[in-house]
Amino acid sequence: MALVMMTGAGVGPAVADDLSSYDTVMICKGDTLFAVPAHPGIRIKGISVSTLEEDRDNPRRLFWKKGDAPLRVTGFTINTLVGFNKTAPPILDLLLGRASEYRIVQLRIGAFYEGDLDDWTEESRPSDLPDLRELPGHNVDRMDSYLRQKPTLFEFPLKFRCSKGLPIYSEDSETYHCGAFGILPDGTRFIASYDTGRDLPGHWPNVDQPTSDWEAPIAELEEALGNIVVAYGPGNRVCD
């Protein structure tokens, strides 16, 4: 695979101070270089990543500063922090460098996907809903499992697994907690978790809502993910 450079809005002077003030952590996963704003919810193997000088010698933190070699990982997560750190900006806002109408509660960057598009979709079967195909486990234990054919994200359809009635603090009777499963341009798997309760800030549409309702949130997610993938392929010397 040839080296690909990706650019996006990023985090810079054009955005609000509370977003542009965040450092960027450089991460190598295989031959892919990620540039991730230093959200306090970043975890690598369960350990929090910090760019704060006060955490340099903290055994409970993985310290990184500008100029250090990229962290070498097999995956990482960004979690929404509640309670003790309510000042952390929403994950999508930080990755986009601007306010987003939508929120995700966790982003997981994981293993490399070895298959192709046909492999990705082969376990799905037709459903009665437009642009949706059922996946194994659908309609079992209050779980909806679908593959959404349109719109795609980085040319792959997203897979959704949604649990009804979550989060429990939503008063919307049709609230779901969902994971959107997809593939980054370098072939890395990701999961973006979100909520659909209409009384929750940044809620997403339910998976069975019309395709037109999905164009905006998927476009926001694709832009956000594109912003953090800097380069990939054998020509990426940074992650040799």
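Predicted model only: the values in this text are computed from it and were never measured. What you see below is based on every heavy atom in this structure, not just the backbone, and it leaves out hydrogens, waters and symmetry mates.
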Okay, side chain of [X], backbone of [Y]: is any donor-acceptor separation there less than 3.5 Å?
X: Asn227; Y: Leu95; answer: yes
X: Arg61; Y: Phe63; answer: no
X: Gln106; Y: Ile78; answer: no
X: Asp23; Y: Ala38; answer: no
X: Thr80; Y: Val105; answer: yes
X: Lys159; Y: Gly179; answer: no
X: Asp199; Y: Glu171; answer: yes
X: His138; Y: Tyr146; answer: no

Can you measure from [atom1] ([X]) to [atom2] ([Y]) and round to the nearest 0.5 angstrom?
X: Ser170; Y: Leu200; atom1: OG; atom2: CG; result: 4.0 Å
X: Cys162; Y: Met143; atom1: SG; atom2: CE; result: 8.0 Å
X: Leu221; Y: Leu158; atom1: CG; atom2: CG; result: 7.0 Å
X: Ile191; Y: Cys178; atom1: CD1; atom2: SG; result: 12.5 Å
X: Arg72; Y: Met26; atom1: CZ; atom2: CE; result: 12.0 Å

Is any side-chain heavy atom of [X] less than 4.5 Å from a side-chain heavy atom of [Y]?
X: Asp144; Y: Phe160; result: no
X: Pro90; Y: Ile104; result: no
X: Arg103; Y: Pro201; result: yes
X: Phe156; Y: Thr152; result: no
X: Leu184; Y: Ile109; result: yes
X: Leu135; Y: Ser124; result: yes
X: Ser50; Y: Asn58; result: no
X: Thr196; Y: Glu174; result: no

[X] and [Y]: side chain donor to acceptor below 3.5 Å:
X: Arg133; Y: Thr121; result: no
X: Arg161; Y: Ser145; result: yes
X: Asp195; Y: His203; result: no
X: Ser100; Y: Asp93; result: no
X: Ser127; Y: Glu134; result: no
X: Thr188; Y: Lys29; result: yes

For [X] against [Y], the heavy-atom pair lying closest together:
X: Ile228; Y: Pro37; result: CG2-CD, 4.2 Å
X: Ala69; Y: Trp64; result: O-NE1, 3.0 Å
X: Pro205; Y: Pro217; result: CD-CG, 4.1 Å
X: Arg148; Y: Thr211; result: NH1-OG1, 3.2 Å
X: Asn236; Y: Asp31; result: ND2-O, 2.9 Å
X: Leu92; Y: Ala224; result: CD2-CB, 3.6 Å

Stepwise, does the salt bridge (Lys or Arg N to Asp or Glu O under 4.0 Å) test hold for Lys65 with Glu53?
CA-CA 8 Å; Lys65 72 176 189 302; Glu53 188 62 32; over 6 Å; no
Does a salt bridge link Arg98 with Glu223, judged by any charged N lying under 4.0 Å from a carboxylate O?
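Yes, charged N to carboxylate O under 4.0 Å.
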In one Ile/Leu/Val/Met/Phe/Trp/Tyr side-chain cluster, 4.5 Å: [X], [Y]:
X: Ile218; Y: Val229; value: yes
X: Tyr102; Y: Leu166; value: no
X: Ile183; Y: Phe190; value: no
X: Ile42; Y: Ile47; value: yes
X: Leu147; Y: Leu129; value: no

Quickly, which of Asp172, Asn206, Thr175 forms a side-chain hydrogen bond (donor to acceptor under 3.5 Å, both in side chains) with Arg198? Name it, please.
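Answer after filtering Asp172, Asn206, Thr175: Asp172.
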[X] and [Y] aromatic centres sub-6.0 Å:
X: Phe181; Y: Trp120; answer: no
X: Phe76; Y: Phe34; answer: yes
X: Trp204; Y: Tyr176; answer: no

With sequence neighbours left out, what residues match Glu122 under salt bridge (charged side-chain N to carboxylate O under 4.0 Å, His left out)?
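Glu122: no salt bridge (charged side-chain N to carboxylate O under 4.0 Å, His left out) contacts found.
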Check whether more than 12 heavy atoms from other residues, nucleotides or ligands sit under 6.0 Å from atom [atom1] of [X], and answer yes or no.
X: Asp57; atom1: CG; answer: no
X: Arg108; atom1: CZ; answer: no
X: Glu101; atom1: CD; answer: no

Considering the options Leu225, Thr77, Val36, which one meets the side-chain contact (heavy atoms from CB on, under 4.5 Å) requirement together with Leu107?
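So the option named by the test is Leu225.
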Pair Gln149-Asp131, side-chain hydrogen bond (donor to acceptor under 3.5 Å, both in side chains): steps then yes or no
CA-CA 5 Å; Gln149 295 176 290; Asp131 296 327; over 6 Å; no
